[in-house]
2 protein chains.
Amino acid sequence: MAQKVKLSTIAEALGLSTATVSLALRDSPLVADITRERIKEKAVELGYIYNRRAASLRTSRSGIIGVVVHDIMNPFYAEILKAIETELDRSRQTFILSNHYDSVEKQRNFIETLLQLGGDGVIMSPAIGTPASDIRLAEDNGMPAILIARSVPEIDLPTFRGDDAYGTTLATNHLISLGHTRIAMIGGTDHTSTGRDRYAGYANAMKAAGLELESALRIPGPRTKQSGFEAAVNFLANPLKPTAAVCWNDLVAIGLMNGIARAGLVPGRDISVTGYDDLEEAAIATPALTTVWNGQSEVGRFAARALLDKLNGSSEADGLHLIKPEMRIRQSTGPLHPGGTR
Amino acid sequence: MAQKVKLSTIAEALGLSTATVSLALRDSPLVADITRERIKEKAVELGYIYNRRAASLRTSRSGIIGVVVHDIMNPFYAEILKAIETELDRSRQTFILSNHYDSVEKQRNFIETLLQLGGDGVIMSPAIGTPASDIRLAEDNGMPAILIARSVPEIDLPTFRGDDAYGTTLATNHLISLGHTRIAMIGGTDHTSTGRDRYAGYANAMKAAGLELESALRIPGPRTKQSGFEAAVNFLANPLKPTAAVCWNDLVAIGLMNGIARAGLVPGRDISVTGYDDLEEAAIATPALTTVWNGQSEVGRFAARALLDKLNGSSEADGLHLIKPEMRIRQSTGPLHPGGTR
DNA sequence: GTCAATGATTCAAACGTTTTAACAAAGTAA
DNA sequence: TTACTTTGTTAAAACGTTTGAATCATTGAC
């Protein structure tokens, strides 16, 4: 490797001071146009590489933003992350991604690393059980945080997520409007705020329509295809003979449809199924899945903007911001057959 | 935010010099045990945060490693990235992930950013059309690079990937052994070395079995579910009436199976389909997908180790390292029906 | 012909670490 | 006692940038 090229290398080559070179490269109006030109040419010629660590040491802005979620490979986060990436790219910030796999410890490690690197801010989907102190660690050290997907008790920072209760209400109402009355809810847990909200949305819609809320129709479970697939047995053997299912997410729904098909029934005709998230996969499933678009891209976009705003000292948007979900009606739901298979 | 705590804050609080504090925190044997204890306690008490930028300015080791692939959300990279994460975590390196979406420009931007941040090294799955100069940019500035998944012409760096030609040969031979003769190859492109290798493996197996190599049976395309789904039309309408398909990867295969199912045929009985990669999803697809395990976890692990070795100045492992793939036989392939649906 | 204003450039002090060489104090050997 | 080690600590210079204040020419106004 050749000798490192730095500001002073350029300065010496041109008989100028590093101050001038520094200003010129950042297009300061303080330096004469002709000088700026010469400097920029020289910089390219010598293959100068800006040293951000040195700069940030002086300016205390690193241009680094951290993003930590449960699992970046999880398709649920795909759109959120993509939206964040687009927003941050636009303002030339580098972003560092990390998984916490719902380990509070791994999450704290990440926050500490980010602080060490002088991160300007952090966007996080907090791990289950995140203590308020971990968030304050970031804030107290001058690294503002934005929350997505989940809230943290005692923390009142800008928080963005889909309106889960409203979303499952949409799905349930859709099924009710098709004539279904015995509607199950499949997958998910009551241990997260998301879980409780989604169930509440379903329950409210049922009650509003004057339908019975049967606890046997609630089949909780992991949020995976596998789990949906396995739930099919339970669902089909249910003595209440449900004709429709509101699923926790698209993965569960697709798994359930596979299970139903395996049993010789046709999803969308014999049994109506709704998903949640509107993953890319939903549209190409067989049958194409009726689902609820969760507003992930909006969540990502808003979260990134809120952070950038905060960094620029402008408006605060503390508190919860709910994105309104929308129905995506496809072929996995259909009218109740009066004298149908079941 | 309280006043920033730095080495000198601790030093003053204890009537010591920053030198001693610095050494103590890094467990140098130069400082007395009792002093070290006092220093460490004070550091915790004051909430000291190590400033890596300042340190790296002095040491020129940042502890940052860059990883850039086509699309980190693509499940193909999931296992590779997980393996890299595990390896790098172990040696306390922070890693910065980025997508290049096969844009050479975006990739170069990332390399430049990484250089600016003082990255210690980079692991990359190079974008299609990556010029050798972009790789040299990294190397020439003291940032060693390791390649995964793809090679770059004229570049002889440690490169890790699956043996693609061998893998598609395995898949093709499997179909041939089931009696199929009209076997299509679906998805992918000839613009990458991977693409050419996979096709070569298929072509060689066909020729070795004395089968005709029809160009109409090559249906290239993007490497997504969507693309596989769309290819089904083309595949089913093909005048050569192929009975089996070697797909570029699992995503294409699953998309194709969905498309085949949509047309009323049964994948695994009417049409045999093989995937490639053995994603988690392959095992729970309907029908379960016969595929080729690509050795991704090995690729990630070896690549990370090779980089760490290089950073520690130890052995060089320049050149290509091929991981041997293995067949995973499931239900999406079956014997040719002599008087089958087609 | 002095003074002030303007424009371009530079000085020098930071930013928070690490590290080499030097130093002081105390112990050891003669 | 002196000379030499050993042990623990520190002074000070570096790393490469930014920035407020200072400098130095020019030019214009009176």
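To find a chain, count down the sequence lines: A is the first, B the second, and so on, and within it residues start at 1. Fair warning: this is a prediction, and the values are worked out from it, not measured in the lab.
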Between [N] atom [atom2] and [X] atom [atom1], what is the distance in whole Å?
X       : N      : atom1 : atom2 : answer
A/Asp27 : C/dA8  : CG    : C1'   : 16 Å
A/Leu57 : D/dT17 : CG    : C1'   : 8 Å
B/Asp33 : D/dT7  : CG    : P     : 12 Å
B/Leu23 : D/dG8  : CG    : C1'   : 11 Å
B/Arg53 : C/dA14 : CZ    : C1'   : 14 Å

Looking only at side-chain atoms of [X], point me to the closest of [options].
X       : options                : result
B/Leu30 : D/dT9, C/dT17, D/dT19  : D/dT9
B/Asn51 : D/dT19, D/dT9, C/dT17  : C/dT17
B/Thr20 : C/dT19, C/dA8, D/dT10  : D/dT10
B/Arg58 : D/dT17, C/dT17, D/dT19 : C/dT17
A/Ser22 : D/dT10, D/dT18, C/dT9  : D/dT18

message = Could you check whether A/Glu45 pairs with A/Lys42 (Lys NZ or Arg NE/NH1/NH2 to Asp/Glu carboxylate O, under 4.0 Å)?
response =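 Salt bridge present between A/Glu45 and A/Lys42.
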key: B/Arg92 vs B/Asp89, salt bridge (charged side-chain N to carboxylate O under 4.0 Å, His left out): CA-CA, chis, key distance, verdict   = CA-CA 5 Å; B/Arg92 322 213 112 290; B/Asp89 264 10; over 6 Å; no
request  = Apply ring-ring contact (aromatic ring centres under 6.0 Å, His included) to B/Phe95 and list each qualifying residue two or more places apart in sequence or on a separate chain.
outcome  =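 Checked B/Phe95 against ring-ring contact (aromatic ring centres under 6.0 Å, His included); zero matches.
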request  = Mind grabbing the angle between the end helix axes of the helix from C/dG1-D/dC30 to C/dA30-D/dT1? Five pairs an end, 10° rounding.
outcome  =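 The two end axes of the helix from C/dG1-D/dC30 to C/dA30-D/dT1 meet at 60°.
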request  = Look at all strands and tell whether B/Ser60 reaches a base, only sugar-phosphate, or nothing, counting heavy atoms closer than 4.0 Å.
outcome  =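 Nothing, no nucleic acid heavy atom in range.
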query = Between C/dT17 and B/Arg52, is there an OP1 or OP2 to side-chain N/O distance shorter than 4.0 Å?
reply =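 Negative; the distance criterion is not met.
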request  = Give a yes/no answer on whether the side chain of A/Thr35 brings an N or O atom under 4.0 Å of OP1 or OP2 in C/dT9.
outcome  =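 Yes, A/Thr35 has a side-chain N/O under 4.0 Å of OP1/OP2 on C/dT9.
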query = Hey, does the side chain of B/Arg301 reach the backbone of B/Glu87 with a donor-acceptor pair shorter than 3.5 angstrom?
reply =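 No, the answer is negative, given that no donor and acceptor are paired below the 3.5 Å cut-off.
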ask   = Tell me, which of residues 6-19 of chain B have any heavy atom that sits under 4.0 Å from an atom in DNA chain D?
value =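 Residues of residues 6-19 of chain B that come under 4.0 Å of DNA chain D are, in numerical order, B/Gly15, B/Leu16, B/Ser17, B/Ala19.
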